[in-house]
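Values below: every heavy atom of this structure, side chains too, minus hydrogens, waters and symmetry copies.
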Amino acid sequence: MAARETTTELTELDKTVLRRVQGNLPDSATPFADIARDTGTSEEHVLALLSRMKENGQIRRFGATLKHQKAGYGANVMVAWFVPEEDVDRIGAIMAERPEVSHCYHRVNCLDWPYNLYTMVHGRTADDCQTVVDTLCRETGLDDYAMLFSLKELKKISMRYF
């Protein structure tokens with residue numbers, strides 16, 4: 001995909017807003033309204049700025065990261081699944097529906113690693129994660145997978161532009 005030519009000219013207010021959204025968002029039902037209040041602008045301005053930058057390609061994505069350990073989920077496992085290519089979309093949709101699955105990705109398999117669909121499963125314990133994997137096996141009919149439990153979180157930070 002070619003880079004977009006259009007860019008958003010940033011005012012000092014825009015830079016202030018961007019400094020605020022590049023960190024932790026307020027823990028509230030109205031984080032963008034809170035950011036607007038804190039930076040002296042309107043929620044509409046904050047949302048329009050982010051939307052414009054997304055449309056222009058200056059922001060690829062905007063997401064939130066849950067610190068699952070603080071939410072009571074002490075275990076997580078990346079599950080690599082072998083899925084016939086013609087079933088990836090259907091199976092991926094089933095897996096992505098599960099509330100315990102935070103990520104579901106299709107990747108090209110390579111060399112001696114046959115797995116092409118990846119899910120991140122969260123649970124309070126490793127046994128909880130295994131129960132989810134067992135359920136996914138029953139729901140999808142899959143039985144060829146590898147489980148890679150997280151041992152330590154090494155990086156989980158937001159991008160910093162200013």
- Query: Just how far is it from atom OG of Ser102 to atom CE of Met120, taken to the nearest 0.5 Å?
  - Reply: 6.0 Å
- From OH (Tyr115) to CE (Met78), nearest 0.5 Å: 14.0 Å
- What's the verdict on side chain to side chain contact (heavy atoms under 4.5 Å, CB included) for Val83 and His106, showing C-alpha distance, side-chain angles and the deciding distance? CA-CA 10 Å; Val83 180; His106 178 213; over 6 Å; no
- Message: Under the side chain to side chain contact (heavy atoms under 4.5 Å, CB included) test against Leu18, which residue among Leu49, Leu13, Thr39 passes?
- Response: Leu49
- Transitively linked via ILVMFWY side-chain contacts under 4.5 Å: Phe149 with Val133? yes
- Note on the structure: When every non-hydrogen atom of Gly92 is compared with those of Cys104, the smallest separation belongs to O-SG, 3.7 Å
- Message: Taking the basic N atoms (NZ, or NE/NH1/NH2) and the acidic carboxylate oxygens, is any pair closer than 4.0 Å for Arg52 and Glu55?
- Response: no
- More than 12 non-hydrogen atoms from neighbouring residues, nucleotides or ligands closer than 6.0 Å to CG on Asp89, yes or no? no
- Shortest non-hydrogen contact from Thr125 toward Ala75: C-CB, 3.4 Å
- Query: Do NZ/NE/NH1/NH2 and the carboxylate oxygens of Glu43 and Arg37 come within less than 4.0 Å?
  - Reply: no
- Out of curiosity, does Met95 fall in the hydrophobic cluster containing Val88 (side-chain heavy atoms, cut-off under 4.5 Å, transitive links)? yes
- Measuring from Arg138:CZ to Asp143:CG, what's the distance to the nearest 0.5 Å? 13.5 Å
- Task: Considering non-hydrogen atoms only, spot the tightest contact between Pro114 and Phe82 and give its length.
- Result: O-CD1, 3.2 Å
- Enter the distance from Thr131:OG1 to Leu136:CG here, rounded to the nearest 0.5 Å. 11.0 Å
- Query: Going by distance alone, is a donor N or O of one side chain under 3.5 Å from an acceptor N or O of the other, for Asp14 and His45?
  - Reply: yes
- Item | In one Ile/Leu/Val/Met/Phe/Trp/Tyr side-chain cluster, 4.5 Å: Leu47, Leu25 | yes
- Message: Tell me whether Glu97 at atom CD has more than 12 heavy atoms from other residues, nucleotides or ligands lying less than 6.0 Å away.
- Response: no
- Item | Heavy-atom side-chain contact between Thr135 and Arg98 under 4.5 Å | yes
- Aromatic contact, Trp81 with Tyr145 (centres under 6.0 Å): yes
- Query: Are Asn116 and Arg107 close enough, and set up right, to give a side chain to side chain contact (heavy atoms under 4.5 Å, CB included), and what steps lead you there?
  - Reply: CA-CA 5 Å; Asn116 58 344; Arg107 298 278 188 247; 5.7 Å; no
- Task: Treat each ILVMFWY residue as a node, draw an edge where side-chain heavy atoms are under 4.5 Å apart, and state whether Phe32 and Val17 are in one component.
- Result: yes
- Item | CD1 on Ile35 to CG on Leu50, rounded to 0.5 Å | 8.0 Å
- Message: Give me the atom names and distance for the closest heavy-atom approach of Cys129 to Gly123.
- Response: SG-N, 3.5 Å
- Message: Are Leu10 and Met53 packed together at the side-chain level, in the sense that at least one heavy-atom pair is separated by less than 4.5 angstrom?
- Response: yes
- Query: Rounded to the nearest 0.5 Å, how far apart are CD1 of Ile94 and CG of Leu142?
  - Reply: 8.5 Å
- Message: Would you say that Asn76 contacts Val121 through its side chain, given a criterion of any heavy-atom pair below 4.5 Å between the two side chains?
- Response: no
- Message: Same cluster or not: Met147 versus Val101, using hydrophobic residues (I, L, V, M, F, W, Y) connected whenever any side-chain heavy atoms lie under 4.5 Å apart?
- Response: yes
- Task: Please test Thr119 against His103 for side chain to side chain contact (heavy atoms under 4.5 Å, CB included), starting from the C-alpha separation and ending with a verdict.
- Result: CA-CA 5 Å; Thr119 55; His103 299 74; over 6 Å; no
